[in-house]
Amino acid sequence: PNGPYLQSQRREIYDKYVRQLLAEKRAYYCFDTAEDLDALREEAEAETGGFAYRRPDTFPTQADAEKARAEGRPVTVRFAVPQDEPLVVQDVVRGVITFAPGEISDFIIQKSDGFPTYNFACVVDDYLMKITHVIRGQEHLNNTPGQQALWRALFPDAELPKYAHMSVTVSDTGGKLSKRERPKVLRDAIKQMPDVDLEKLAAVGDITADELNAFIKGQSVPDMPGIDAMAEYLGVSLPEINIVDFRKSGYLPETMVNFLALLGWNPGDNREIMPLPELIDAFDLARLTKSNSLFDRKKLVAFNTEHIKMTPPERLREHLRDYLKVADSPVLKADDELLARLIKICEGARTLADIERKSRFLLTDAVEYDAKAVDKVLLKGDGLAILAIVRGKLAAMDQFSEEKIETMLRTLAEEKQLGLGKVAQPLRVAICGNTISPPIFDSVQLLGKEETLRRIDATLKEFGRDGKQHL
RNA sequence: GCCCCCAUCGUCUAGUGGCCCAGGACGCCGGGUUCUCAACCCGGUAACAGGGGUUCGACUCCCCUUGGGGGUACCA
């Protein structure tokens, strides 16, 4: 009810408060160009102190401002920050923080294009929108004394909102967890690949060869879609940073909320894995942590495993479907019933991507053989011979249920005095091309008798000398 | 450079002067279970950054050092 919420639509509101400050001599016009300010900063640096804008003894008048504007000089408005006493910030997580007089210098509240700066707009907005708590990252702590001084000048009778400055989540490579990490990883990867086709790569990223070159040299960064496309083309996996990255990697929304909540906060007991309602109930501003935290992806995966286990089946199915859409997976063809079944037999999966990976073979026609798996399971030892026997047994079955398939395979293994693995693995590689799949009995049953036999035959033909070797 | 914040196992953290030769979780290591990958079960490893104070007693309070992070824009 306090809108409009677009800054461009709130210009009159901000202007009103700027005029008020100007009239009260708590703000003043400035006509410095960018070059002027650069020079001032350089000067200040030479004197080893920090830069502080020097307030003029007498403030320019409205007429001065109009004249400057007419002459084409930039006109900005600065807030005259109270300099007679320290600025004290009361922070919910950090307590009392004192900034010495002079530490916060007069900052711009209205830009030369007439727009308010963030530090001004947020104060006006917080007041008008009746904000009670300002909860943000530590990077804003140094803005706070200025903002609060502004609040007191503008709304002396109104109580300040509560301020809570949270710790920052840092990356294992040092510094804030930042979007810039993705391009950086890609750039380093490209440098490691001497014979990459740069022309093709630029085309994939939808940028020019020059732009790609500048990117590799570290002079510029293309937009994210381009970065993503190039990474995919090169087979480089980028660290997840944006929330969509985590979605694409198969993490549940519940996992992200839970994990992120525990970075810089804890409930005070040993609880970690919590469903959303419990999390909300347990949350308390007073338990925010002061020190920075590092984003540990291994622990994230563990959290996701737990959340996949505790999410109700129907809900998990919806999450899976969302994931499959994002991943553009062939498994998307599966109906609700099949998806539910896949979730069930993939029990213990760590991410939705795990489920997808294991289920793929059911929804694709061509089997992609993993060379290592074929070599180890089929070519070395009696894999092919056993597979031929299994084929015969499967072909002879009239009831094709998981139970019957299990009984058959176990009996066969016993007869041949082999571990079940010796019998199951060749079959697994034959139907899905690698050694990773749901339990073999379910896998075979879901594939169906006809298709299973077809794939076994194709495998025997592809890798067997005559396809009729015997044990 | 200057200003601000922070400092317990590898990581996230519990701990607010005696309950702590420091608890939990993830990881890691070892073992068990097992048709693959996971999951699961059992066990283990591992920390109060350093130095000064204060106190009968410091992980806990104070100071310094060191280290990490943030800010230093007519960006948000």
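When reading the values below, keep in mind they use all heavy atoms of this one structure, side chains included, and skip hydrogens, waters and symmetry mates. Protein chains get the first letters and strands the later ones, always in sequence-line order, with residue 1 at the start of each.
Look at CD1 on Ile97(A): it is 12 Å from C1' on G70(B), rounded to the nearest Å. Rounded to whole Å, atom P of A76(B) lies 13 Å from atom CZ of Phe120(A). In this structure, Asn270(A) places its CG atom 7 Å from P of A25(B), rounding to the nearest Å. Computed from coordinates, the Leu87(A) CG to C4(B) P distance equals 12 Å when rounded to whole Å. Rounding to whole angstrom units, CD of residue Gln425(A) and P of C35(B) are separated by 10 Å. If you measure from atom CZ of Arg287(A) to atom C1' of G24(B), you get 13 Å, rounded to the nearest angstrom. Atoms CD1 (Ile308(A)) and C1' (C40(B)) sit 16 Å apart, rounded to a whole Å. Rounded to an integer number of Å, the gap from CG of Asn292(A) to C1' of G71(B) is 13 Å.
The Lys298(A) side chain lies nearest to C28(B) when the options are G10(B), A39(B), C28(B). Considering only the side chain of Leu420(A), C35(B) comes nearest among C35(B), A14(B), U11(B). Proximity note for Asn266(A) (side chain, C-beta onward) versus U36(B), U13(B), G69(B): the nearest is U13(B). Nearest to the side chain of Thr117(A), among C75(B), C6(B), C4(B), sits C75(B). Across G70(B), C26(B), U13(B), the shortest atom-to-atom separation from the side chain of Gln138(A) is found for G70(B). Between G70(B), C3(B), A7(B), one nucleotide has an atom nearer to the side chain of Asn142(A) than all others, and that is G70(B). Of the candidate nucleotides G10(B), U36(B), C6(B), U36(B) has the atom lying nearest to any side-chain atom of Ile436(A). Among the nucleotides G70(B), C74(B), C6(B), the one closest to the side chain of Glu139(A) is G70(B). Ranking C12(B), C6(B), A39(B) by closeness to the Lys290(A) side chain, first place goes to C6(B). The nucleotide whose nearest atom lies closest to any side-chain atom of Leu37(A) is, among C35(B), C74(B), G15(B), C74(B).
Across the P atoms, U60(B) and A49(B) are found 8 Å apart, a figure rounded to whole Å. To the nearest whole angstrom, the two P atoms, one in C29(B) and one in C35(B), are 24 Å apart. The gap from the P atom of G15(B) to that of U8(B) amounts to 13 Å, rounded to the nearest Å. Of the C1' atoms belonging to U16(B) and U11(B), the separation is 24 Å, rounded to the nearest Å. Between the C1' atoms of A58(B) and A22(B), the separation comes to 13 Å (whole Å). Taking atom C1' in both A46(B) and C9(B), the straight-line distance is 5 Å, to the nearest Å. Spacing of C1' atoms, G27(B) relative to C75(B), comes out at 39 Å, to the nearest Å. For the P atoms, the distance from U45(B) to G30(B) is 15 Å, rounded to whole Å.
Residue contacts shown for Ile440(A) include a base, since a base heavy atom lies under 4.0 Å away. Base contact: Ser112(A) has a heavy atom under 4.0 Å from a base atom. Gln7(A) comes within 4.0 angstrom of nothing in the nucleic acid, heavy atoms only.
In this structure, A25(B) forms a base pair with U11(B), meeting either the Watson-Crick or the G-U wobble geometry with both donor-acceptor distances under 3.5 Å. Nucleotide U16(B) has no partner under the Watson-Crick or G-U criteria, as no pair reaches both atom distances under 3.5 Å. With a cut-off of 3.5 Å on both pairing distances, U54(B) has no Watson-Crick or G-U wobble partner at all. Base-pair partner of U60(B): not found among the strands shown (Watson-Crick or G-U wobble, both distances under 3.5 Å). For C75(B), there is no paired nucleotide, since no Watson-Crick or G-U wobble pair has both relevant distances below 3.5 Å.
Applying the 4.0 Å criterion to OP1 and OP2 of A39(B), one finds that Arg350(A) has a side-chain N or O inside that range. Checking the phosphate oxygens (OP1, OP2) of G71(B), a side-chain nitrogen or oxygen of Lys176(A) falls inside 4.0 Å. Regarding contacts with the backbone of C75(B), a side-chain N or O of Lys111(A) is found under 4.0 angstrom from either OP1 or OP2. Phosphate proximity of A73(B) to Arg41(A): present, with a side-chain N or O under 4.0 Å from OP1 or OP2. Contact between the side-chain N/O atoms of Arg357(A) and the OP1/OP2 oxygens of C37(B) is not found at any separation under 4.0 Å. Side-chain N/O atoms of Lys299(A) include none lying less than 4.0 angstrom from OP1 or OP2 on G10(B). Considering only side-chain N and O atoms, Lys358(A) lies nowhere under 4.0 angstrom from the phosphate OP1 or OP2 of A39(B).
Interface remark: the Asn143(A) side chain does form a donor-acceptor pair with the A76(B) base, using a distance-only criterion of under 3.5 Å. Between the side chain of Arg428(A) and the base of C35(B) there is at least one donor-acceptor pair of N/O atoms closer than 3.5 Å. One donor-acceptor pair, N or O on each side, does fall under 3.5 Å between the base of G24(B) and the side chain of Glu272(A).
Put simply, CD on Gln148(A) and CD on Gln90(A) are 9.0 Å apart, with the number rounded to the nearest 0.5 Å.
Looking at Asp370(A), its side chain never comes within 3.5 Å of a backbone N or O of Gly433(A) through a donor-acceptor pair.
Residues Pro426(A) and Val423(A) approach most closely at CD-O, 3.4 Å, considering heavy atoms.
When only modelled atom types and interatomic distance are considered, Tyr369(A) and Thr459(A) share a side-chain donor-acceptor pair under 3.5 Å. A donor atom on one side chain and an acceptor atom on the other are not found under 3.5 Å apart for Tyr127(A) and Asn2(A). A donor-acceptor contact under 3.5 angstrom links the side chains of Arg428(A) and Gln425(A), judged on distance only.
By the 30° and 60° cut-offs, the orientation of the rings of Phe259(A) relative to Phe303(A) is perpendicular.
Stacking of Arg11(A) on the aromatic ring of Phe115(A) is recorded, both the 6.0 Å distance cut-off and the 45° axial limit being met.
By the 4.5 Å heavy-atom criterion applied to side chains, Leu446(A) and Leu338(A) are counted as neighbours.
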